[in-house]
Novice: 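Sharing a structure below in structure tokens format, with a few things to ask.
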Amino acid sequence: MNIANQTKWASRAQEAFNSLLQNYWNHHLNMFNNHYPNPDNRSNITFHYWWYAHAIDSLVDAYNRTNDEEMISLIEKEYNGLLFRNGGQPTNLLYDDMEWLALALLRAYQATSNETYLKDVHILWDDIKTGWNDQMGGGIAWHKEQLGYKNTPANGPAIILAARLYKEFGNEADLKFTKKLFTWLDDHLVDKETGFVMDGINRLGDGKIDTDWEFTYCQGVYVGGAVELYRMTHENQYLEKALKTAHFAIEKLHDKTHNVLKSEGNGDGGLFKGIMIRYFTELIATAPEKTEAILTYLKMNAETLWQHGTNTDKMIFNHLWSEQPDLPEGIDLSIQLSGVFLFECLASLERSK
């Protein structure tokens, strides 16, 4: 695609996405590699189910921005690769992972009308709903073999998914479950004074909350769930909760030394900021007049990443958005995806003006 005539954020999103394809796509496996560089295919020994779900999201983002038909083929290839490595079935032991895949497949279905994606969304959703139990007062468990451990990663995306399924198909049971999930999360893992969202409760079987686990991911999915409920109900309480959490999260999770959103390292943590940004973007799109400061903050991070946290030869991003990546050591797919999401989200806001 010619990027010369594109607007600023669309142009940068295209460059970021081009790098993702050029440096991470594996033409033998027909899916993304876990790492750049990838000597002898060693990076792909580990199966990162939930990374691949977000990789599908990156392809849907690119398709929505460009209408490039090649993306339809790549979505199918990436998903088939995930299924093959997962034993041919979409489900697994982790409820949060399944939620991410269901969200990505629902978006893929909406973009492509491929009924296979929708069929698997329903398979996943039926399985996900079995994760709700009464331990810790309710909520969806994190893992099928640890049913008493409840956390934001297993409940926040489920709220978003339930709401979107209700919007798509109008099943009142999904609306009811959306509200039930949000109430549990809001009551158990959100600080009422600040709106800050904690990670989980009862991880060690002691009923305690992991108050020292402070992740961008958790803020993002809570905000995303609140925004979906506001869109469905038009009840201001949900919008106010989303705004409160988002504004406090930006203050609390800002790295003052480097003047960017904090790094959460390699591996799974590399995806956390991308998740927060995706759902903060939904908030900005829903209430632009109340989110000028949030938009300004995202743009500041994007400028810093573009100017200081990117290897310009390869267009590869660092997990710390103010510092150059160490390319000989390499960069995980999770980190690159977060950078791509940042630019895609700003491009989407640019288009919606």
Side-chain angles (χ1 to χ4, degrees), residues 49-50 91-103 124-163 173-229 237-238 240-253 262 264-265 267-269 271-273 275-276 279:
Y49 174 112
W50 82 286
T91 56
N92 79 358
L93 292 174
L94 291 152
Y95 289 103
D96 58 337
D97 285 17
M98 291 193 291
E99 290 156 15
W100 287 124
L101 181 57
L103 282 165
L124 287 160
W125 184 225
D126 286 344
D127 198 342
I128 289 161
K129 287 183 287 188
T130 68
W132 177 280
N133 64 67
D134 291 335
Q135 296 185 60
M136 297 299 108
I140 290 177
W142 174 67
H143 195 290
K144 290 178 180 177
E145 295 175 354
Q146 194 178 359
L147 295 176
Y149 174 38
K150 309 296 180 64
N151 64 8
T152 300
N155 286 272
I159 297 165
I160 299 166
L161 177 60
D174 289 335
L175 174 58
K176 184 177 179 181
F177 197 42
T178 306
K179 293 179 178 180
K180 181 179 177 182
L181 285 164
F182 187 86
T183 298
W184 180 86
L185 181 58
D186 196 45
D187 287 347
H188 289 82
L189 291 175
V190 180
D191 182 274
K192 292 298 180 286
E193 183 178 340
T194 65
F196 193 76
V197 186
M198 294 163 282
D199 186 78
I201 184 170
N202 201 41
R203 178 171 54 90
L204 301 177
D206 55 7
K208 293 182 179 179
I209 294 173
D210 291 309
T211 54
D212 56 337
W213 286 18
E214 298 177 347
F215 298 131
T216 56
Y217 175 131
C218 296
Q219 318 316 307
V221 294
Y222 175 78
V223 166
V227 167
E228 294 291 349
L229 272 165
Q237 60 160 324
Y238 296 117
E240 292 307 315
K241 287 175 184 292
L243 290 166
K244 184 176 184 177
T245 294
H247 283 292
F248 187 77
I250 285 173
E251 178 183 337
K252 187 172 182 64
L253 300 175
K262 75 171 188 173
E264 287 163 296
D268 286 347
L271 254 168
F272 290 2
K273 287 187 292 194
I275 290 168
M276 186 181 108
Y279 293 104

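These numbers come from a predicted model, not from an experiment.
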Novice: Under the salt bridge (Lys or Arg N to Asp or Glu O under 4.0 Å) rule, collect the residues that match up with Lys144, sequence neighbours excluded.
Specialist: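 Testing Lys144 for salt bridge (Lys or Arg N to Asp or Glu O under 4.0 Å), a comparison that skips the adjacent residues, returns Asp127.
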
Novice: For the residue pair Val190 and Phe196, establish whether any side-chain heavy-atom pair is separated by less than 4.5 Å.
Specialist: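 No, every pair of side-chain atoms sits at 4.5 Å or beyond.
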
Novice: Under the salt bridge (Lys or Arg N to Asp or Glu O under 4.0 Å) rule, collect the residues that match up with Asp186, sequence neighbours excluded.
Specialist: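 Asp186 satisfies salt bridge (Lys or Arg N to Asp or Glu O under 4.0 Å) with Lys241 once adjacent residues are dropped.
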
Novice: Which heavy-atom pair separates Trp132 from Gly139 by the least distance, and what is that distance?
Specialist: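 Closest approach of Trp132 to Gly139, heavy atoms only: CZ3-N, 3.1 Å.
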
Novice: Can you list every side-chain hydrogen bond (donor to acceptor under 3.5 Å, both in side chains) pair that touches residues 175-185, not counting sequence neighbours?
Specialist: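 For residues 175-185, and leaving out neighbouring residues, the side-chain hydrogen bond (donor to acceptor under 3.5 Å, both in side chains) pairs sorted by first residue read Trp184-His188.
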
Novice: Donor-acceptor pair, Thr245 side chain versus Gly195 backbone, under 3.5 Å?
Specialist: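 Flag set: sc Thr245 to bb Gly195 pair under 3.5 Å.
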
Novice: Under a 4.5 Å cut-off applied to non-hydrogen side-chain atoms, are Ile160 and Leu103 in contact?
Specialist: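 Answer yes - side chains close enough.
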
Novice: Among residues at least two apart in sequence or on other chains, which ones pass side chain to side chain donor-acceptor pair (under 3.5 Å) with Asn92?
Specialist: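 Asn92 satisfies side chain to side chain donor-acceptor pair (under 3.5 Å) with no residue once adjacent residues are dropped.
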
Novice: With sequence neighbours left out, write down each residue that passes salt bridge (Lys or Arg N to Asp or Glu O under 4.0 Å) with Glu99, or none if nothing qualifies.
Specialist: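 Per chain and number, Glu99 pairs via salt bridge (Lys or Arg N to Asp or Glu O under 4.0 Å) with no residue.
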
Novice: Do Leu161 and Ile128 make a side-chain contact, defined as non-hydrogen atoms from C-beta onward lying under 4.5 Å apart?
Specialist: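 Of all side-chain heavy-atom pairs linking Ile128 with Leu161, at least one is under 4.5 Å.
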
Novice: Under 3.5 Å, side chain of Gln135 to main-chain N/O of Tyr149, donor-acceptor pair present?
Specialist: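 Side chain of Gln135 to backbone of Tyr149: no pair is present.
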
Novice: Identify, with sequence neighbours excluded, every residue that meets salt bridge (Lys or Arg N to Asp or Glu O under 4.0 Å) alongside Lys244.
Specialist: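 Not a single residue meets the salt bridge (Lys or Arg N to Asp or Glu O under 4.0 Å) criterion with Lys244.
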
Novice: Nearest heavy-atom pair of Ile159 and Gly225: which atoms, and what distance?
Specialist: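 Shortest heavy-atom separation between Ile159 and Gly225 comes out as CG2-CA, 3.6 Å.
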
Novice: With Tyr95 as reference, evaluate Asn151, Asn155, Thr130 under the side-chain contact (heavy atoms from CB on, under 4.5 Å) test and give the passing residue.
Specialist: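 The single option meeting the side-chain contact (heavy atoms from CB on, under 4.5 Å) with Tyr95 is Thr130.
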
Novice: Would you find a donor on one side and an acceptor on the other, under 3.5 Å apart, between the side chain of Asp134 and the backbone of Gly138?
Specialist: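 Judged by distance alone, no pair lies under 3.5 Å.
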
Novice: Donor-acceptor pair, Asp96 side chain versus Ala154 backbone, under 3.5 Å?
Specialist: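 Side chain of Asp96 to backbone of Ala154, a donor-acceptor pair under 3.5 Å: no, none is there.
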
Novice: Salt bridge between Glu214 and Lys252, side-chain N to carboxylate O under 4.0 Å?
Specialist: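 Here Glu214 pairs with Lys252 in a salt bridge, since their nearest N and O are under 4.0 Å apart.
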
Novice: Could you check whether any side-chain N or O of Gln219 sits under 3.5 Å from a backbone N or O of Phe215, counting only pairs where one atom can act as donor and the other as acceptor?
Specialist: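 Yes; judged by distance alone, with no hydrogens or angles, the pair exists.
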
Novice: Measure the shortest side-chain to side-chain distance between Lys208 and Ile201 over non-hydrogen atoms and say whether it is less than 4.5 angstrom.
Specialist: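 The answer is no, as the side chains (C-beta and beyond) never meet within the 4.5 Å cut-off.
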
Novice: Taking C-beta and beyond as the side chain, do Trp50 and Asp268 meet within less than 4.5 Å on heavy atoms?
Specialist: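 Sidechains of Asp268 and Trp50: in contact.
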
Novice: Using side-chain heavy atoms (C-beta onward) and a distance below 4.5 Å, is Glu145 in contact with Leu93?
Specialist: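 They are in side-chain contact.
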
Novice: Evaluate the side-chain proximity of Lys150 to Trp142: yes if any heavy-atom separation is below 4.5 Å, no if none is.
Specialist: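 Not in contact.
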
Novice: Can you say whether the rings of Trp125 and Phe177 are parallel (under 30°), tilted (30 to 60°) or perpendicular (over 60°)?
Specialist: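 Plane angle between 30° and 60°, so tilted.
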
Novice: So, do Leu185 and Tyr222 sit near enough that their side-chain heavy atoms are less than 4.5 Å apart?
Specialist: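 Of all side-chain heavy-atom pairs linking Tyr222 with Leu185, at least one is under 4.5 Å.
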
